[in-house]
Amino acid sequence: MSFNSFSEFLSMGGHGLYVWLSYALGLSVILLNLAAPLMERSRLIAQLKRRLQRENQSP
Amino acid sequence: MSQAMLKVENLFCERDDRVLFDQLSFDVDSGEIVQIEGANGSGKTTLLRILSGLSRNYEGDIYWQGEPVDRVRDEFRSELLYFGHQPGVKALLTPEENLHWYCALHASLDPARVQEALEQVGLRGFEDVPCHTLSAGQHRRVSLARLYLSDARLWILDEPFTAIDKRGVAAKEALIGRHVARGGSVILTTHQDLQGSGAVRSINLDRQGERG
Amino acid sequence: MVEKKKWLPRWFYQLASPRWCFQICGKLLPGFSVAALVLLLGGMVWALLFAPADYQQGNSFRIIYLHVPSAILAQSCYMLMAVAGAIGLIWKMKVADMVAKSCAPIGATMAVLALLTGAIWGKPTWGSWWVWDARLTSMLILLFLYLGVMALNSAIESESTAAQASAVLSLVGLVNIPIIKYSVEWWNTLHQPATFKLTERPAMPADMWVPLLVMVVGFYCFFAVTLMLRLRNEILRRERRSGWVRDLLLSK
Amino acid sequence: MNQQLGASRRPDIGMGALFAATLKRDLKLSLRRKSELVNPLIFFLMVITLFPLGVSPEPGFLAELAPGVIWVAALLATLLSMDSLFRTDFDDGSLEQLLLSPQPLMLVVVAKVLAHWMLTGLALTLVAPLISVMLFLPAEGVPGLMLSLLLGTPTLSLVGAIGAALTVGLKRGGVLISLLVLPLYIPVLIFGTGAVQAAVTGLPLGGYLALLGALLALGIVLAPLAIGAALRISVSG
């Protein structure tokens with residue numbers, strides 16, 4: 001462990017803003033990259049289903 | 001030679017979410033005229049572009065004299081004359097300059113015959129005026145002069161008779177007839193009935209679309 | 001396909017089948033997800049808590065554990081995109097086209113992340129948010145290349161034409177990347193003396209580079225997950241008219 | 001008229017003739033449309049004029065800025081003219097005829113790019129001394145400027161043509177081309193301005209010119225391949 005206390009861990013030797021900003025950005029980019037295709041998937045499936053129903057109604 | 005000149009097998013093509021044709025198969029033999037029919041938007045132009053090798057968004061096989069067309073691309077191209085929607089005529093160049101460049105693209109054509117071809121389409125005296133000063137019909141005739149120059153065996157003509165007067169149409173039909181008599185083949189689309197060009201086989205794309 | 005190339009292994013043809021690819025991605029997804037989660041979480045904890053601080057840069061050095069993996073991923077993702085595009089062009093393989101298309105947005109976001117973390121690291125180190133450092137500049141240009149491919153892909157309506165055109169562009173980009181990198185590095189040495197760099201450092205101790213390695217592998221696993229998610233969407237969309245997609249939809 | 005069909009094939013003849021014919025045709029076409037011919041030049045001059053107005057007219061400062069400004073302006077002027085390279089041919093159907101020719105497509109493509117370069121890159125190179133006077137570039141830098149432009153602008157045309165070929169089927173390709181092509185222009189820009197700066201400070205030019213030449217050689221070998229493939233793809237769509 002490189003830190004003695006939690007507040008020291010948060011401040012990161014004065015560079016806390018930069019380190020935590022980076023990790024927040026990193027996490028959000030990763031989560032965004034997972035959320036986007038998952039949302040796209042549910043949207044796509046709903047759209048394709050509607051389409052299929054439309055086609056079945058009017059063959 | 002029993003082999004068909006052009007053989008199409010199981011052609012499939014879709015555009016904008018719509019199947020234009022599916023499992024389309026036909027042969028074109030030498031000495032044949034094949035007319036592609038169908039309503040507007042049925043894929044006539046698309047089919048001609050696929051056959052000529054311009055469009056590659058299709059599935060299926062096309063054979064030129066028994067060989068897959070992709071393997072004999074250069075031979076195929078030197079035996080092909082394609083006449084599309086856009087006539088391929090530069091408005092800033094004169095009819096003569098336009099045809100000379102066409103001859104440069106097809107090394108087998110003799111530039112010395114350009115004058116003769118222009119005379120045949122009735123553009124004598126217009127050889128050296130820029131094409132943009134010509135009428136729409138004359139403009140198109142510059143492109144049609146290629147038919148008189150050509151020694152290609154397969155002609156693919158997309159609406160060759162638009163903006164051409166009656167007498168011109170008769171002359172073009174006679175030309176097509178002569179081409180076929182020499183052993184060439186023609187695949188074309190037209191809104192007019194063909195007369196006096198011998199036997200015309202037609203392929204209708206409308207029924208294709210329903211099946212697909 | 002006009003002729004089948006006999007010398008290619010069988011899995012290549014199986015991969016060429018969208019349906020098979022969709023299923024295999026579905027099977028691989030859980031494993032990769034778990035691996036990515038474990039490696040990324042473990043790596044981050046290790047990087048933030050246990051890795052030693054750099055004697056020159058202090059704790060801002062911990063940004064490297066995000067910056068380097070994202071930069072590496074941004075580059076390899078471009079490579080994959082171009083290679084997949086080439087396979088799609090040569091063998092008319094639909095799945096390869098879809099892989100190439102799915103790669104672009106992931107790679108672009110990775111390039112953005114590498115740029116942002118680089119800029120944030122620059123503030124305490126160089127004293128400004130942006131320095132025309134060779135690596136950052138090349139990464140910016142890589143981002144432009146990604147944006148170009150994506151813009152071209154979305155501008156062309158026909159799906160197969162868009163895929164082919166993007167493939168040509170990404171191949172042109174692939175040839176250019178080494179040239180761009182070389183020229184930028186050379187320009188950089190010409191214009192400013194080399195200050196100390198974010199990455200190139202002699203003999204990093206093991207307790208610094210092991211967590212870095214964990215993060216790099218974790219990022220690759222994460223990349224595999226998000227690529228497969230996107231690929232499955234793309235397969236569904238492009239194969240919407242085929243029977244198996246219809247059956248799949250009806251069963252849901 | 002009555003000759004046997006396909007009788008007198010003369011393949012492989014007329015490749016040089018085709019190259020010359022295409023070059024002549026494209027030059028003729030540009031010369032008959034005078035406004036388009038001078039537009040890139042006027043654009044070049046105007047961009048140059050903006051810098052003293054926008055930054056500072058102070059000679060020493062401008063002299064320092066000159067290599068970069070001239071190169072960036074040349075780059076943008078080339079880019080501006082790029083869109084029309086295949087556009088008119090696409091619109092009137094000439095491009096279709098070109099693609100259906102049994103002759104090698106690359107030959108025609110290189111001829112077209114050469115014609116384009118002669119009327120943009122070469123023209124820009126020739127007016128560059130005038131511009132360098134306006135921007136107070138020291139006289140020692142002028143040969144370096146002209147040589148670097150002479151070697152660099154053909155590469156710009158070749159790479160730009162790839163972008164033009166990729167976007168020729170699109171209605172609004174103009175802005176997109178810049179997005180696709182500008183990142184690829186960066187090495188030429190770096191080595192080009194490097195050459196001019198070296199010339200100004202009296203350093204040897206050879207290395208820079210060799211690099212620009214290497215880029216050009218690579219471009220001549222690879223770009224026509226990409227342009228040809230891109231044209232077939234664009235027309236196919």
Side-chain angles (χ1 to χ4, degrees), chain C residues 78 82 85-86 88-90 92 97 104 108 111 132 134 136-191, chain D residues 68 152 155 158-163 165-195 197-198 201 203 207-208 211-212 214-216 218-219 221-237:
Chain C
Y78 195 94
L89 266 186
I90 296 166
K92 288 189 172 180
D97 285 347
W132 289 97
L136 283 183
T137 311
S138 315
M139 189 50 69
L140 185 63
I141 297 167
L142 183 67
L143 175 64
F144 290 155
L145 290 178
Y146 272 121
L147 294 180
V149 172
M150 284 160 74
L152 184 66
N153 206 318
S154 62
I156 302 175
E157 271 173 43
S158 156
E159 266 166 352
S160 60
T161 308
Q164 291 169 21
S166 317
V168 169
L169 183 64
S170 34
L171 281 172
V172 171
L174 190 68
V175 172
N176 266 278
I177 283 177
I179 303 174
I180 292 174
K181 263 190 113 92
Y182 170 73
S183 67
V184 168
E185 255 159 46
W186 181 82
W187 156 85
N188 195 242
T189 49
L190 195 76
H191 282 266
Chain D
T155 316
L158 281 166
V159 174
I162 301 176
L166 284 170
T167 54
V168 73
L170 301 170
K171 293 218 168 48
R172 280 179 291 274
V175 189
L176 193 58
I177 285 194
S178 336
L179 209 62
L180 307 186
V181 163
L182 274 178
L184 305 175
Y185 276 179
I186 286 166
V188 179
L189 176 71
I190 289 175
F191 296 134
T193 49
Q197 277 159 355
T201 48
L203 291 170
Y208 298 89
L211 281 169
L212 284 172
L215 287 183
L216 178 57
L218 194 69
V221 174
L222 292 182
L225 273 172
I227 299 168
L231 282 177
R232 291 204 189 280
I233 291 165
S234 288
V235 169
S236 168

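This is a predicted model, so every value here is computed, not measured. Chain letters run A, B, ... following the sequence lines, proteins first and then strands; every chain starts at 1.
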- [ ] Over all heavy atoms of both residues, which pair between A226(D) and V168(C) is shortest? Give the atoms and the distance, please.
- [x]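 Closest pair (atom of A226(D), atom of V168(C), distance): O-CG1, 4.1 Å.
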TODO: Compare every heavy atom of A155(C) with every heavy atom of L170(D), then report the nearest pair and how far apart it is.
DONE: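 That would be CD2-O, 3.3 Å.
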Open item on the list: Looking only at heavy atoms and a cut-off of under 4.5 Å, which of S236(D), A229(D), P183(D) has the most pairs with chain C?
Closed with: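 Option with the top pair count is P183(D).
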- [ ] Would you mind telling me which of L189(D), L176(D), L179(D) has the largest number of heavy-atom pairs within less than 4.5 Å of chain C?
- [x]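 Sorted descending by pairs with chain C, the first entry is L176(D).
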Task: Proximal component of L89(C), with respect to chain D [non-hydrogen, under 4.5 Å] - done: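 Contact with chain D involves the side chain of L89(C) alone.
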TODO: Select one option (side chain, backbone, both, neither) describing which atoms of V184(C) are under 4.5 Å from chain D's heavy atoms.
DONE: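 Both the backbone and the side chain of V184(C) come within 4.5 Å of chain D.
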Among [options], who wins on heavy-atom pairs under 4.5 Å with chain D?
options                            : result
A165(C), S158(C), G148(C), A162(C) : A165(C)
L147(C), L145(C), L152(C), V149(C) : L152(C)
V175(C), L142(C), L140(C), I156(C) : I156(C)

Side chain from CB out, backbone as N, CA, C, O: work out which of these in [X] comes under 4.5 Å of a heavy atom of chain C, or both, or neither.
X       : result
L184(D) : both
L225(D) : neither
I233(D) : both

TODO: Flag the pair L218(D) / I179(C) as yes when at least one side-chain heavy-atom distance between them is below 4.5 Å, and no otherwise.
DONE: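 Side chain of L218(D) against side chain of I179(C), heavy atoms only: contact under 4.5 Å found.
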Open item on the list: With a 4.5 Å cut-off on side-chain heavy atoms, are L182(D) and F144(C) touching?
Closed with: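 Result no, sub-4.5 Å side-chain heavy-atom pair not found.
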Open item on the list: Would you call the rings of W186(C) and Y208(D) parallel, tilted or perpendicular, taking 30° and 60° as the class edges?
Closed with: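 Answer is perpendicular, since the angle exceeds 60°.
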